[in-house]
4 protein chains.
Amino acid sequence: MARPKSADKQNAILDAATRLFAERGLTAAPTSEISKQAGVAEGTLFTYFKTKDDLINALYREIKLELADAMMSDFPRKKNVRTRLRHVWDRYVSWGSANPKQRKVLAQLQVSEVLTKESRDAGSAPFVEFQAMIRDAIEQRIFQNDLPVELISKSLTALVEATIDLTVSNPSKAKNYRDSGFQMFWSGVTK
Amino acid sequence: MARPKSADKQNAILDAATRLFAERGLTAAPTSEISKQAGVAEGTLFTYFKTKDDLINALYREIKLELADAMMSDFPRKKNVRTRLRHVWDRYVSWGSANPKQRKVLAQLQVSEVLTKESRDAGSAPFVEFQAMIRDAIEQRIFQNDLPVELISKSLTALVEATIDLTVSNPSKAKNYRDSGFQMFWSGVTK
Amino acid sequence: MARPKSADKQNAILDAATRLFAERGLTAAPTSEISKQAGVAEGTLFTYFKTKDDLINALYREIKLELADAMMSDFPRKKNVRTRLRHVWDRYVSWGSANPKQRKVLAQLQVSEVLTKESRDAGSAPFVEFQAMIRDAIEQRIFQNDLPVELISKSLTALVEATIDLTVSNPSKAKNYRDSGFQMFWSGVTK
Amino acid sequence: MARPKSADKQNAILDAATRLFAERGLTAAPTSEISKQAGVAEGTLFTYFKTKDDLINALYREIKLELADAMMSDFPRKKNVRTRLRHVWDRYVSWGSANPKQRKVLAQLQVSEVLTKESRDAGSAPFVEFQAMIRDAIEQRIFQNDLPVELISKSLTALVEATIDLTVSNPSKAKNYRDSGFQMFWSGVTK
DNA sequence: GATGAATGAGCCTTCATTCAT
DNA sequence: AATGAATGAAGGCTCATTCAT
């Protein structure tokens with residue numbers, strides 16, 4: 001193995017895929033076009049990803065990791081639940097507003113049939129600390145009684161996504177959406 | 001006139017499309033398979049829908065109409081806002097839980113590139129009364145001050161969808177999810 | 001047989017076919033479009049012509065007949081060979097310039113594979129008198145010795161067609177082309 | 001570089017296309033059959049020619065070039081007009097008689113709707129020297145006064161084609177047709 | 001490892017023709 | 001006879017993947 005696989009090329013492929021999947025959709029974006037935009041030969045793509053589905057799964061994991069990083073960096077572990085939740089909320093909204101293509105691809109991926117169970121699991125792995133925070137809050141009896149945990153985290157995601165959608169379509173009200181959204185979530189969920 | 005176009009055949013095609021799109025995805029479902037499952041010849045599909053994209057757009061409008069019907073039938077126009085919202089909430093959750101395929105297709109459609117603007121408009125048309133209800137509530141100052149309207153309706157949808165997801169994956173807790181979900185929404189949004 | 005086949009409809013179909021074949025070509029013009037432009041139902045076309053090839057063959061015969069009529073009407077049977085040839089020449093050029101669509105279709109038909117031998121024979125039948133004129137001229141020793149008859153009539157057609165082509169692309173020189181063309185033919189062919 | 005595109009395959013495809021277009025017509029000859037007869041996979045045809053129309057246009061240019069080569073090789077540039085014209089005449093007749101398939105395809109191409117303007121221009125480019133010869137003859141006042149130039153070259157082609165047609169259908173009279181044809185042309189056109 | 005030509009299965013759509021009304 | 005919906009074979013083209021170079 002004279003030349004080792006290049007991380008640059010791998011990233012170029014993932015970037016090109018993100019762009020094309022966002023613009024044309026998962027199936028309408030040909031691997032040949034992805035290669036071209038990545039600046040590699042058609043065949044090269046398949047030395048980095050065995051199949052197109054492989055590429056898609058890898059991209060999913062990559063984006064999820066990126067999102068988790070964005071959410072969890074500088075996480076104020078020592079602060080109270082509200083502060084920590086607010087941190088996560090703000091970071092998520094920022095990432096989503098700043099990365100519309102990644103978000104669009106993620107939306108397509110989540111409803112597609114190509115994600116393997118492994119990928120789904122791998123995708124949620126980086127969010128363990130986030131889940132832990134929710135459990136912690138439950139134990140502290142911060143949330144309303146008998147709100148199912150899974151409903152709380154699912155709702156958080158749902159409301160963040162709604163907030164990002166609005167922010168993207170009307171950026172001038174970004175701050176308003178972010179604050180109102182969180183307020184809605186918080187008062188919906190706490191006693 | 002010769003044989004008139006048959007509503008039965010049209011419906012059979014839409015049904016088969018729903019099934020296949022849900023199972024395999026929009027692009028992975030061949031029109032030939034749709035025809036076969038609908039019990040018509042391959043060419044017949046194209047006398048009812050000029051192109052596959054046409055079929056997809058028609059299906060979108062049909063499902064949205066069905067959903068609106070489900071939500072708005074027996075709508076208690078005279079009752080107070082909370083009751084009316086709760087009606088809509090319950091009907092939406094029921095429809096979503098009972099029609100997982102339609103819902104899956106809808107999710108794919110919403111992130112796909114094939115919907116025309118006309119279809120999107122036609123799809124939201126049946127929900128005018130729902131929008132009116134929200135405006136009515138605003139005027140009655142039922143919601144928290146300075147919550148943007150668009151955030152309220154968007155959040156409602158987001159939370160219903162979250163609720164349905166959980167219901168589908170754990171039907172035994174259906175009632176709990178439905179009640180908790182609505183409670184979250186209501187307390188998040190009202191003063 | 002309540003209603004008899006209508007000559008009007010038959011003609012409407014032949015006319016529409018001429019137009020469409022000229023504009024799009026023999027195979028690119030669908031029978032459905034021909035029917036539509038003829039103002040009849042798709043199926044009706046097939047009660048007048050058993051197959052598309054049938055229609056094409058009929059059209060060939062019709063156009064050839066039309067051309068022969070144009071050439072031979074008012075034919076000056078009693079005049080000398082040159083006058084008679086000039087008559088035919090002028091009539092051919094006029095017909096071709098005035099009927100570009102028919103001419104275009106004829107050109108396509110002659111190189112296509114759909115004409116039956118019967119049609120080709122039927123197509124040349126109306127030109128017997130024209131052939132007779134040539135033979136007559138031969139007997140009168142008007143042409144150069146040992147010019148093959150078949151070359152003479154073939155050349156006449158070839159030169160007329162060349163003349164019409166030029167006339168169509170530059171109508172202002174119509175008279176010039178017609179006179180020069182005939183002069184070329186006549187001096188090429190006579191002693 | 002990986003496998004380079006093979007001129008052999010390209011030629012095999014053009015040859016197969018010539019054969020099939022001549023036998024069945026431009027539209028009746030499927031690309032799949034062309035590929036098969038060329039000994040390549042169906043998809044391979046499209047790496048050499050982007051579309052079927054592309055292939056057709058390329059074939060047109062190739063045949064025209066071949067014809068020009070045949071006509072102009074050994075062209076006696078220094079000899080008088082009659083000799084040069086006779087050279088071109090003989091070569092054209094020989095090429096046409098020896099290449100009936102190419103000629104048939106050319107005839108179909110010229111009346112078809114698929115040729116681009118670029119192809120038509122490219123097709124006449126190799127005949128510039130031939131056009132120059134005609135202009136030369138005009139300047140030398142070899143032709144009859146007031147015969148339009150365009151009529152002269154068009155007639156030459158028309159008469160050659162007529163001559164070839166007869167030669168093909170009756171090869172035993174080949175020499176007679178060739179001589180008589182040229183004589184007709186020459187005496188038709190000169191003073 | 002990198003390249004891009006080669007492959008061939010598969011898909012959407014067209015269209016001549018049939019046939020129920 | 002007239003209609004136009006129904007049919008299904010056929011065709012051009014795409015594209016993920018392989019493999020010779």
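Scope of the values below: all heavy atoms of this structure, side chains included, with no hydrogens, waters or symmetry mates. Proteins come first, then strands; the chains are lettered A, B, ... in the order of their sequence lines, and each starts at number 1.
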Participant: To the nearest 10°, give me the bend of the helix from dA2(E)-dT21(F) to dT21(E)-dA2(F), comparing the axes of its five terminal pairs at either end.
Facilitator: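 Terminal axis comparison yields 0°.
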
Participant: Check the distance between dG4(E)'s P and Lys9(D)'s NZ and give it to me in whole angstrom.
Facilitator: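 Computing the Lys9(D):NZ to dG4(E):P distance gives 17 Å.
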
Participant: Round to a whole Å and report the spacing from CD1 of Ile13(D) to P of dC13(F).
Facilitator: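 In whole Å, dC13(F) P and Ile13(D) CD1 are 14 Å from each other.
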
Participant: Do Arg103(C) and Glu161(C) sit within salt-bridge range, that is, some charged N less than 4.0 Å from a carboxylate O?
Facilitator: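 Here Arg103(C) pairs with Glu161(C) in a salt bridge, since their nearest N and O are under 4.0 Å apart.
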
Participant: How long is the line joining CG of Leu45(D) and C1' of dT14(F), in whole Å?
Facilitator: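 Computing the Leu45(D):CG to dT14(F):C1' distance gives 14 Å.
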
Participant: Check whether any side-chain heavy atom of Thr51(C) sits under 4.5 Å from a side-chain heavy atom of Ile56(C), and report yes or no.
Facilitator: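 A side-chain contact under 4.5 Å is absent here.
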
Participant: Just how far, in rounded Å, is C1' of dC15(F) from CG of Leu20(A)?
Facilitator: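 Leu20(A) atom CG is separated from dC15(F) atom C1' by 14 Å.
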
Participant: Hey, is Asp15(B) close enough to Arg19(B) for a salt bridge, meaning N to O under 4.0 Å?
Facilitator: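 Answer for the salt bridge query: no.
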
Participant: Please figure out whether Ala41(D) or Ala41(A) has its closest DNA chain E nucleotide nearer the 5' end.
Facilitator: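 Its nucleotide being nearer the 5' end, the pick is Ala41(A).
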
Participant: Pick base, sugar-phosphate or nothing for Tyr48(B), based on heavy-atom distances below 4.0 Å to the nucleic acid.
Facilitator: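 Here Tyr48(B) touches the backbone only, sparing every base.
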
Participant: May I ask you to decide whether Lys104(C) forms a salt bridge with Glu23(C), counting only side-chain N to carboxylate O separations under 4.0 Å?
Facilitator: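 Salt bridge flag = no for Glu23(C) with Lys104(C).
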
Participant: As an exercise, state the distance from CD of Gln108(B) to OG1 of Thr27(B), rounded to the nearest 0.5 Å.
Facilitator: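 Between atom CD of Gln108(B) and atom OG1 of Thr27(B) there are 8.5 Å.
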
Participant: What is the distance, to the nearest angstrom, from the CD1 atom on Ile34(B) to the C1' atom on dC11(E)?
Facilitator: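 Checked: the CD1 to C1' distance equals 12 Å.
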
Participant: Taking the side chain as everything from C-beta on, heavy atoms only, tell me whether Phe21(A) gets closer than 4.5 Å to Lys101(A).
Facilitator: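 The answer is no, as the side chains (C-beta and beyond) never meet within the 4.5 Å cut-off.
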
Participant: How long is the gap from CZ on Arg61(D) to CG on Leu115(D), to the nearest 0.5 Å?
Facilitator: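 Reported value, rounded in 0.5 Å steps: 9.5 Å.
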
Participant: So do the side chains of Glu33(B) and Arg24(B) get within less than 4.5 Å of each other, counting heavy atoms only?
Facilitator: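 Counting from C-beta outward, Glu33(B) and Arg24(B) do come under 4.5 Å.
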
Participant: When the distance from NZ of Lys36(D) to P of dA9(E) is rounded to whole Å, what number comes out?
Facilitator: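 Distance, rounded to whole Å: 12 Å.
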
Participant: If I take atom CG from residue Asn99(D) and atom CD from residue Glu66(D), how far apart are they, to the nearest 0.5 angstrom?
Facilitator: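 One finds 6.0 Å between CG of Asn99(D) and CD of Glu66(D).
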
Participant: Has Thr47(A) got a side-chain N or O lying under 4.0 Å from the OP1 or OP2 atom of dG1(E)?
Facilitator: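 For dG1(E), OP1/OP2 do not have a side-chain N/O of Thr47(A) under 4.0 Å.
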
Participant: Given atom NZ of Lys5(D) and atom C1' of dT21(F), what is their separation to the nearest angstrom?
Facilitator: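 From Lys5(D) NZ to dT21(F) C1': 17 Å.
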
Participant: Can you tell me the distance, in whole Å, between the CD atom of Gln10(A) and the C1' atom of dG1(E)?
Facilitator: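 From Gln10(A) CD to dG1(E) C1': 14 Å.
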
Participant: Go nucleotide by nucleotide along DNA chain F from the 5' end; which of Val40(B) and Arg24(D) gets its closest nucleotide reached first?
Facilitator: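 With Val40(B) and Arg24(D) compared, the 5'-side residue is Val40(B).
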
Participant: Please encode protein proximity along nucleotides 15-20 of chain E as a string of B, S and -, counting only heavy-atom distances under 4.0 Å.
Facilitator: SBBBBB

